K.L.:
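Here it is, the structure, as structure tokens.
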There are 2 protein chains.
Amino acid sequence: MSLRFRGNETQGIDGKGRVSIPADFRPVIVSGDHRMAQGERPSFVIVYGTRSQNHLKCYTLREIEKIEARIELMDDGSDDREILETIFHGSAMTVQLGDDGRIVLPAKLRTKLDLGDKIFFIAGNDHFKMWKPETYDDFENDRTDALLRERGDRFNPTSLLPKLPPQAAAAE
Amino acid sequence: MSLRFRGNETQGIDGKGRVSIPADFRPVIVSGDHRMAQGERPSFVIVYGTRSQNHLKCYTLREIEKIEARIELMDDGSDDREILETIFHGSAMTVQLGDDGRIVLPAKLRTKLDLGDKIFFIAGNDHFKMWKPETYDDFENDRTDALLRERGDRFNPTSLLPKLPPQAAAAE
DNA sequence: AGGTATTCCATGGGAGATCATGGGAAGCAA
DNA sequence: TTGCTTCCCATGATCTCCCATGGAATACCT
């Protein structure tokens, strides 16, 4: 099992569009970058997606390659495959971390998210997301809270988890 | 069967946010940490959850990975999965035990729980929880008592336990 | 049993490393 | 040139790591 992204963080964006990647995320990016051995600096992939996507989704090189492999399993020329190729190939970019752990967020993306001088990072399973803080609060945070609330006071999210298949549980 | 957390304890928080993990919990954390072999120090994961969560839930690495594996069984992009990812990936952090058995509780979490200079630990099954002592008294202690009371005077909690399936009971 | 040594534990402080962030100079493109 | 990008250096603030202390609990000795 490889390193995972964990946690969330708000970081500043300076006048040059530079953003510090949260320090906790950096080792994960490094460990997901196979090319590093050749003296390159660690990099990862930002998927900005279609017009309606209001956040950026970031994958390690290893993870994005897994996704690409899954796309290649799909039927050539199918609509579904086209959609995924447009998102993951056509609307994505590779960025490099500087020695100081920062990236430059291109003006195009800052405009797309309507970013000010702050950006919000939050870890997912195999990726992390970057949001305009206000957008996250309005859409995501409130939505999660609402979803939790509508299940009632005593609701324990852990109860949503499916059971592990018996042999996997035993392997532990 | 691995070691389990047991008991409860109130510990101090010093000016730097340092907290001694109860000595009884430490061997359990160590035994749940696979990476230890590589010379790392024992670590575990604190899940602090969404705004409404008024305590911290702490899992060994082994246990959190079980949870992550269960999340991965869920449908990509479903609401339920999003909630769990937000909680277990987006609102969690890995902490390392120092040689002296302490962790640093970041200011962010101390603020979230409104902690003073004391913190209350209580063991669960595969995890332990950390509470602001006063909050625990107000919410949890009272709640458990109330739940017990509403079952009547003679109620014996052990009667809630399901029976072990016969072969598992024998294996023990 | 009484007293003493030893270990483990909780807690505190200081030096050095890491991190977020800012600015200037050098390279590049229009 | 003019504007933009990349690289390098600088600076507080915070966080880590290491060392020190005193107390409690346990083991040990006589």
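Quick caveat: nothing in here was measured; it's all calculated off a predicted structure. Chain naming here is simple, since letters A, B, ... match the order of the sequence lines and numbering starts at 1 in each.
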K.L.:
Hey, is Arg51(B) close enough to Asp142(A) for a salt bridge, meaning N to O under 4.0 Å?
P.N.:
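Yes.
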K.L.:
Out of dC17(D), dT21(C), dG12(C), which has the shortest distance to the side chain of Arg41(B)?
P.N.:
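Per side-chain heavy atoms of Arg41(B), the pick is dC17(D).
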K.L.:
Within this structure, what is the CZ-to-C1' distance between Arg18(A) and dC9(D), rounded to whole angstrom?
P.N.:
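So the CZ-C1' distance, Arg18(A) to dC9(D), works out to 11 Å.
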K.L.:
Do Ile103(A) and Phe44(A) have side chains that approach each other closer than 4.5 Å (heavy atoms only, starting at C-beta)?
P.N.:
yes
K.L.:
Expressed as a whole number of angstroms, how long is the span from Glu9(A):CD to dC19(C):C1'?
P.N.:
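Roughly 11 Å, once rounded to whole Å.
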K.L.:
Whole angstroms only, please: what is the CD1-C1' distance between Ile103(B) and dT16(D)?
P.N.:
14 Å
K.L.:
Take Ala107(B) and Gln96(A), find for each the nucleotide of DNA chain D with the closest heavy atom, and name the residue whose nucleotide sits nearer the 5' end.
P.N.:
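It is Gln96(A) whose nearest nucleotide is closer to the 5' end.
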K.L.:
Whole Å only: how far is the NZ atom of Lys16(B) from the P atom of dG14(C)?
P.N.:
8 Å
K.L.:
If only atom types and distance count, is the side chain of Arg26(A) paired as donor or acceptor with the main-chain N or O of Ile21(A) below 3.5 Å?
P.N.:
yes
K.L.:
From the set dT16(D), dA20(C), dG22(C), return the single nucleotide nearest to any side-chain atom of Ser20(A).
P.N.:
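Nucleotide nearest to Ser20(A)'s side chain: dA20(C).
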K.L.:
Taking atom C1' of dT18(C) as reference, at what distance in whole Å does atom CG of Asp99(A) sit?
P.N.:
14 Å
K.L.:
Report the distance from atom CZ of Arg102(B) to atom C1' of dC15(D), rounded to the nearest whole Å.
P.N.:
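Whole-Å distance recorded here is 13 Å.
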K.L.:
Send over the distance from Gln11(A) CD to dT14(D) C1', rounded to a whole Å.
P.N.:
13 Å
K.L.:
Taking CD from Glu40(A) and P from dC7(D), how many angstroms apart are they, rounded to a whole number?
P.N.:
11 Å
K.L.:
Under a 4.0 Å N-O cut-off, is there an ion pair linking Arg6(A) with Glu68(B)?
P.N.:
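Salt bridge flag = yes for Glu68(B) with Arg6(A).
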